[in-house]
**Student:** 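The structure is given below, and queries will be raised subsequently.
In what follows, every chain begins at residue 1, and chains take the letters A, B, ... in the order their sequences are listed. Any value given below was found using the heavy atoms of this structure, including those in side chains, with hydrogens, waters and symmetry copies removed. Since the structure is predicted, the reported quantities are computational estimates derived from the model, not experimental observations.
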2 protein chains.
Amino acid sequence: MKGREINILISSAGRRGALVKCFKDTIKGMERCNGKVISVDASPLATALYLSDKHYIVPRISDPNYINVLLNICKEENIKLIIPTIDTELLILSQNRGKFEKNGIRIAISDTKVIEICGDKLKTFQFFKENNIPTVETFLLGQFDKMEKLNYPLFIKPCSGSASINTYKINNRKELDFFINYIDNPVIQEYAEGKEFTLDVLADLEGQVINVVPRERIEVRAGEINKGRTVRDEKIIEYAKNITEKLGAIGPITIQCFVKGNAVKFTEINPRIGGGYPLSFAAGANYPELLIRMVLGEKVIPRLGEFEENLIMLRWEDAVFIKESNLDLNRG
Amino acid sequence: MKGREINILISSAGRRGALVKCFKDTIKGMERCNGKVISVDASPLATALYLSDKHYIVPRISDPNYINVLLNICKEENIKLIIPTIDTELLILSQNRGKFEKNGIRIAISDTKVIEICGDKLKTFQFFKENNIPTVETFLLGQFDKMEKLNYPLFIKPCSGSASINTYKINNRKELDFFINYIDNPVIQEYAEGKEFTLDVLADLEGQVINVVPRERIEVRAGEINKGRTVRDEKIIEYAKNITEKLGAIGPITIQCFVKGNAVKFTEINPRIGGGYPLSFAAGANYPELLIRMVLGEKVIPRLGEFEENLIMLRWEDAVFIKESNLDLNRG
């Protein structure tokens with residue numbers, strides 16, 4: 001058996017099969033460690049479960065037993081690192097970080113303060129403003145008077161939404177009047193134009209920025225990148241480094257912005273690894289390896305811009321097929 | 001070289017990588033023939049191109065040269081069968097079927113009359129009604145008086161839409177008044193409840209129904225099945241056979257319905273192979289092989305219900321990675 005055993009747990013693994021494979025391939029290829037990639041999800045229909053070395057069905061995030069069940073699995077499986085993948089579990093994992101760390105289990109996650117800022121579109125806007133980061137003007141319902149200054153189109157989305165669910169372009173007053181009641185707790189934004197980018201940022205476990213890869217979202221499907229390209233844009237790389245440091249984020253995070261000519265406008269921060277990260281992985285920005293080295297206690301030095309540019313990712317849907325009678329319904 | 005050469009062309013291949021693989025695996029496994037799977041698309045970013053044995057970039061479907069370019073590729077590559085995959089090219093391919101057939105190239109496609117019925121939600125509704133097929137009540141804008149009889153929720157969608165784009169559940173009069181203007185040329189339907197099924201039907205090139213596989217759409221993403229299960233429901237299999245025969249459809253088609261208790265309501269017909277067909281393929285309903293045997297002139301006998309039931313498909317997104325400089329921009 002080569003090196004130390006570093007078992008990794010992907011939580012709320014869902015359909016992140018490609019991410020599971022990034023971690024599996026990385027561990028397999030590393031000289032200095034060995035280990036399994038174990039995934040957990042509340043649904044036995046979560047595809048990524050069946051692409052992992054081992055998996056568990058766990059209670060829903062909202063279940064009071066979630067953290068205890070997760071902790072027990074981590075102890076049982078000698079997990080050294082947890083990679084969260086969805087927005088809705090970030091707060092509870094961050095709040096319970098101590099329980100895991102005292103058992104030698106690291107979670108690649110930011111502090112609750114960071115998660116609260118990123119989980120609320122208005123707080124994110126205020127954070128950008130306070131730190132002189134160019135962003136899209138953002139308003140709550142009660143701020144209509146200010147909005148008269150803006151021109152249509154506008155953009156409306158839930159204040160704490162994700163995956164582009166319930167987001168609409170607003171072309172006129174009639175649509176605005178309708179959608180402000182149609183969407184629960186919305187924010188209204190200036191409509192961002194230009195090319196849309198997601199930046200895959202990796203900060204170390206103390207918050208130092210290690211790398212940033214801008215991915216142009218050439219085509220989006222169901223709120224996630226479907227076709228994309230790595231782009232070496234020094235300006236947005238520098239902005240992303242600055243945002244991450246000001247925020248004090250930890251581990252892998254994603255930042256979204258629009259670029260039109262010389263203008264850049266930042267729109268969102270998700271303090272977790274992105275669904276489209278496999279493109280950055282293919283471009284040589286191996287965050288799983290760097291995270292494992294951090295967990296091993298190695299000093300990982302910054303390598304800003306270390307990735308292959310103009311690499312294109314074209315997604316297609318592969319599938320796992322399982323007889324219903326073989327579905328794993330064992331609960332952790 | 002084994003058997004006859006049967007090269008197959010997948011048109012508008014898009015992201016149908018899994019379908020390309022179904023055909024490639026089938027040809028590879030057949031004793032009596034050999035051949036290539038060649039795909040074409042107007043976009044060099046169409047993923048399936050790079051999963052095929054060979055590919056061509058072609059003009060857009062709306063381009064007056066589309067048919068000639070396609071025909072020349074088919075002659076050049078000794079294509080014996082064309083598999084269309086998207087709704088928008090069905091009419092033009094059907095109209096030009098003769099040009100292909102006189103060169104020995106079959107297109108697995110129905111007559112224009114069938115395509116016109118299926119491409120229009122109101123005509124589909126009328127077809128179902130005339131043939132005593134249970135369906136959801138469907139109205140155009142001018143038929144509001146009739147709608148007063150219906151209860152909310154309703155469902156609104158474009159009369160000739162696809163992939164669930166611009167479809168909304170309508171909960172009240174206010175939403176109805178808004179969306180009838182928001183959506184271009186809409187139809188309003190009774191809101192279908194229950195489990196949603198897509199039936200993968202294969203008719204032979206003379207219209208005889210060979211097989212039907214019901215797939216429950218457990219989860220839908222971007223209008224396409226994301227998680228599904230094969231279900232042996234004799235009643236909807238029989239209905240689908242009946243619909244296909246009444247319609248006079250040819251080749252692979254899909255039919256959609258909702259099942260709630262004993263009630264079945266049919267909603268749509270797409271006279272082309274379905275995006276979720278790979279589940280039926282995995283369940284043993286090998287339509288590529290049957291289509292190839294038809295092209296070889298063999299008599300394919302009906303095998304209704306020949307598939308593995310309760311097989312579950314869980315999709316995840318794999319990807320093709322290409323350096324931008326290697327993107328194939330050669331036009332057919």
Side-chain angles (χ1 to χ4, degrees), chain A residues 13-21 43-51 163 168 171 174-175 177-179 181-182 216 218-231 275-276 278-279 281-283 308-327, chain B residues 13-21 43-51 163 168 171 174-175 177-179 181-182 216 218-231 275-276 278-279 281-283 308-327:
Chain A
R15 63 199 314 276
R16 302 228 182 282
L19 183 67
V20 164
K21 283 178 175 267
S43 168
L45 296 179
T47 316
L49 297 177
Y50 305 97
L51 295 164
Y168 295 91
N171 298 295
K174 193 174 160 190
E175 291 180 11
D177 287 342
F178 177 77
F179 282 111
N181 293 306
Y182 190 71
E216 184 191 341
I218 299 173
E219 187 182 297
V220 173
R221 184 170 185 263
E224 207 175 80
I225 191 169
N226 186 34
K227 303 183 194 302
R229 165 181 22 209
T230 55
V231 176
L279 170 53
F281 183 80
E308 179 186 347
E309 64 184 315
N310 296 322
L311 185 69
I312 287 184
M313 172 172 76
L314 306 175
R315 284 182 150 176
W316 66 285
E317 291 190 296
D318 203 345
V320 172
F321 298 97
I322 308 172
K323 286 177 200 290
E324 189 172 24
S325 54
N326 291 345
L327 265 193
Chain B
R15 63 198 314 276
R16 301 226 182 283
L19 183 67
V20 164
K21 283 178 175 266
S43 168
L45 296 179
T47 316
L49 297 177
Y50 305 96
L51 296 164
Y168 295 91
N171 297 296
K174 192 174 160 189
E175 291 180 11
D177 287 341
F178 177 77
F179 282 111
N181 293 307
Y182 190 72
E216 184 191 339
I218 299 173
E219 187 183 297
V220 173
R221 184 170 186 264
E224 207 174 80
I225 191 169
N226 186 34
K227 303 183 194 300
R229 166 181 22 210
T230 55
V231 176
L279 170 53
F281 183 80
E308 178 186 348
E309 65 184 314
N310 296 322
L311 184 69
I312 287 185
M313 172 172 76
L314 306 174
R315 285 183 149 176
W316 65 284
E317 291 190 296
D318 203 345
V320 172
F321 298 97
I322 308 172
K323 286 177 200 291
E324 190 172 23
S325 54
N326 290 345
L327 265 194

**Student:** Picking from I312(B), L311(B), N226(B), which has the most non-hydrogen pairs under 4.5 angstrom with chain A?
**Tutor:**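 Among the listed options, the one with the most contacts to chain A is I312(B).
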
**Student:** Can you tell which of R16(A), K323(A), E219(A) has the highest number of heavy-atom pairs within less than 4.5 Å of chain B?
**Tutor:** K323(A)

**Student:** Excluding sequence neighbours, so at least two apart, what forms salt bridge (charged side-chain N to carboxylate O under 4.0 Å, His left out) with E216(B)?
**Tutor:** R229(B)

**Student:** At their closest point, which heavy atom of K227(A) faces which heavy atom of L45(B), and how far apart are they?
**Tutor:** NZ-O, 2.8 Å

**Student:** If you tally heavy-atom pairs under 4.5 Å against chain B, which of V320(A), N310(A), I218(A) wins?
**Tutor:** V320(A)

**Student:** Measure distances from K21(B) to the heavy atoms of chain A and classify the residue's part below 4.5 Å as side chain, backbone, both or neither.
**Tutor:** side chain

**Student:** With a 4.5 angstrom heavy-atom cut-off, is it the side chain or the backbone of L51(B) that approaches chain A, or both, or neither?
**Tutor:**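 Just its side chain gets close to chain A.
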
**Student:** Is chain A contacted by the side chain of N181(B), its backbone, both, or neither, given a heavy-atom distance below 4.5 Å?
**Tutor:**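 When you check distances to chain A, only side chain atoms of N181(B) fall under 4.5 Å.
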
**Student:** Grab the two heavy atoms, one from E317(B) and one from R315(A), that are nearest each other, plus how far apart they are.
**Tutor:**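 Nearest pair, atom of E317(B) first, then R315(A): OE1-NH1, 3.3 Å.
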
**Student:** Under a 4.5 Å cut-off applied to non-hydrogen side-chain atoms, are E309(A) and E324(B) in contact?
**Tutor:**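 No. Closest side-chain heavy atoms not under 4.5 Å.
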
**Student:** Please flag which part of N171(A) lies under 4.5 Å from any non-hydrogen atom of chain B: side chain, backbone, both or neither.
**Tutor:** neither

**Student:** At a heavy-atom distance under 4.5 Å, which candidate from A282(B), G228(B), G275(B) has the highest pair count against chain A?
**Tutor:**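 So the answer, after comparing A282(B), G228(B), G275(B), is A282(B).
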
**Student:** Write down the atom of K174(B), the atom of F178(A), and the distance for their closest heavy-atom approach.
**Tutor:** O-CE1, 4.0 Å

**Student:** Assign the ring pair Y168(B) / Y168(A) to parallel, tilted or perpendicular, where the plane angle (0 to 90°) is split at 30° and 60°.
**Tutor:**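 Ring orientation, 0 to 90° scale: tilted.
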
**Student:** Given heavy-atom pairs under 4.5 angstrom as the criterion, report whether the side chain, backbone, both or neither of L279(A) touches chain B.
**Tutor:**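 Both parts, backbone and side chain.
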
**Student:** Can you say whether E175(B) sits under 4.5 Å from chain A via the side chain, the backbone, both, or neither, judging by heavy atoms?
**Tutor:**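 The answer is both parts of E175(B).
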
**Student:** Examine whether an atom of A46(A) lies under 4.5 Å from a heavy atom of chain B, and if so say whether it belongs to the side chain, the backbone or both; otherwise answer neither.
**Tutor:**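 When you check distances to chain B, only backbone atoms of A46(A) fall under 4.5 Å.
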
**Student:** Measure the CZ-CZ distance between F281(A) and F321(B) for me, rounded to the nearest 0.5 Å.
**Tutor:** 9.0 Å

